[in-house]
Amino acid sequence: MELPERRLPDQYFFENLSEEQMDGLMAQGIHLVDSALQYQEMMMMYNCAIREVRTKLEVLNADLSVRYQRNPIEFISCRLKKPMSLFQKLQKKNLPLSLSAIENNINDVAGIRVICSFIDDIYAVAAMLTAQDDITLLETKDYIKNPKANGYRSLHLIVELPVFFSDQKKNMRVEVQIRTIAMDFWASLEHQLKYKKTVRNEEAIVAELTECAETIAATDQRMMEIRNKINENAENPDVDEANTEESLREKLDRFNIPSL
Ligand code: 0O2
């Protein structure tokens with residue numbers, strides 16, 4: 001028996017349209033694809049801005065590491081805000097769903113998270129970054145000095161910097177979140193709670209998390225104090241000993257050419 005030819009439902013749909021309806025559909029399609037291409041271009045630009053700021057931070061860390069044997073930055077992670085998160089933020093701010101609304105009103109499309117070992121490193125990194133003459137600091141939110149009610153701690157900076165593209169120079173905004181390893185650990189767990197639809201005993205869990213944030217803050221403070229004590233009590237070879245074998249050993253120990 002011969003089977004009937006299989007046809008997709010959309011073939012019927014298009015065949016039944018008038019020429020005018022078809023033109024309208026094409027115009028809508030072109031508009032949709034144009035918007036998608038513009039969105040892609042905008043995200044490429046934010047991605048480039050992230051790369052510029054990331055490089056700046058990596059340069060600072062490399063410089064401090066070689067010249068002062070300090071590594072204030074443990075690691076860096078980057079993200080572009082997801083479409084759903086952008087959409088929700090526009091809605092929250094009562095703004096239209098448009099590229100210009102995103103560009104003019106959302107400061108954290110491009111996000112960089114910098115994880116430091118110690119609290120004072122956070123402020124040192126922030127000061128070194130914002131002192132650079134192509135960086136403009138637009139906003140600072142210090143959730144370390146003023147933690148959120150739930151216990152969230154982090155230093156947030158909105159910075160703007162010029163990025164050079166093939167045919168234009170564009171000032172781009174990037175949100176830099178700087179926090180300690182412990183603050184980051186806490187924020188990741190708390191973030192998981194936010195994304196679960198229903199959690200039994202949520203109130204008790206929130207209270208426990210807030211308590212944990214306090215413990216973490218106290219531990220961060222003590223860790224910094226212990227590091228200061230170690231530095232104060234470490235015996236450095238004094239000037240008289242500058243030519244001794246010990247001094248030579250210490251200098252050779254520091255000799256470590258970073259690989260590319
Ligand atoms: P995602 O997934 O990172 O995109 P504003 O930008 O001033 O209009 P907003 O967004 O409240 O207002 O700014 P804020 O306070 O600087 O917070 C921005 C980001 O900080 C959030 O991004 C989170 O990444 C982080 N953050 C702020 N508060 C908390 C908190 O209580 N817990 C955790 N875990 N993270 C927090 P998004 O847009 O929420 O999400």
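Excluded from the calculations below are hydrogen atoms, water molecules and symmetry mates; all remaining heavy atoms, backbone and side chain alike, are included. Note that this is a predicted model, so its numbers are computed, not measured. Each ligand, and each atom within it, is numbered from 1 in the order the structure gives.
- Remark: Q38 pairs with no residue by the side-chain hydrogen bond (donor to acceptor under 3.5 Å, both in side chains) rule, at least two apart or across chains.
- Considering only heavy atoms from C-beta on, T136 stays 4.5 Å or farther from V159 through its side chain.
- For D108 and R79, the salt-bridge test passes: some basic side-chain N is under 4.0 Å from an acidic carboxylate O.
- Other residues, nucleotides and ligands place no more than 12 heavy atoms under 6.0 Å from the CZ atom of F185.
- A salt bridge does not link R179 with E74: every distance from a Lys NZ or Arg NE/NH1/NH2 to an Asp or Glu carboxylate oxygen is 4.0 Å or more.
- At a heavy-atom cutoff of 4.0 Å, ligand 1 is surrounded by R79, K81, S85, K89, K93, D108, R113, K141, Y143, K148, N150, Y152, H156, E175, Q177, A187, E190, H191, K194.
- Inter-residue side-chain proximity for E190 and Y152 is flagged as unmet; no heavy-atom pair is nearer than 4.5 Å.
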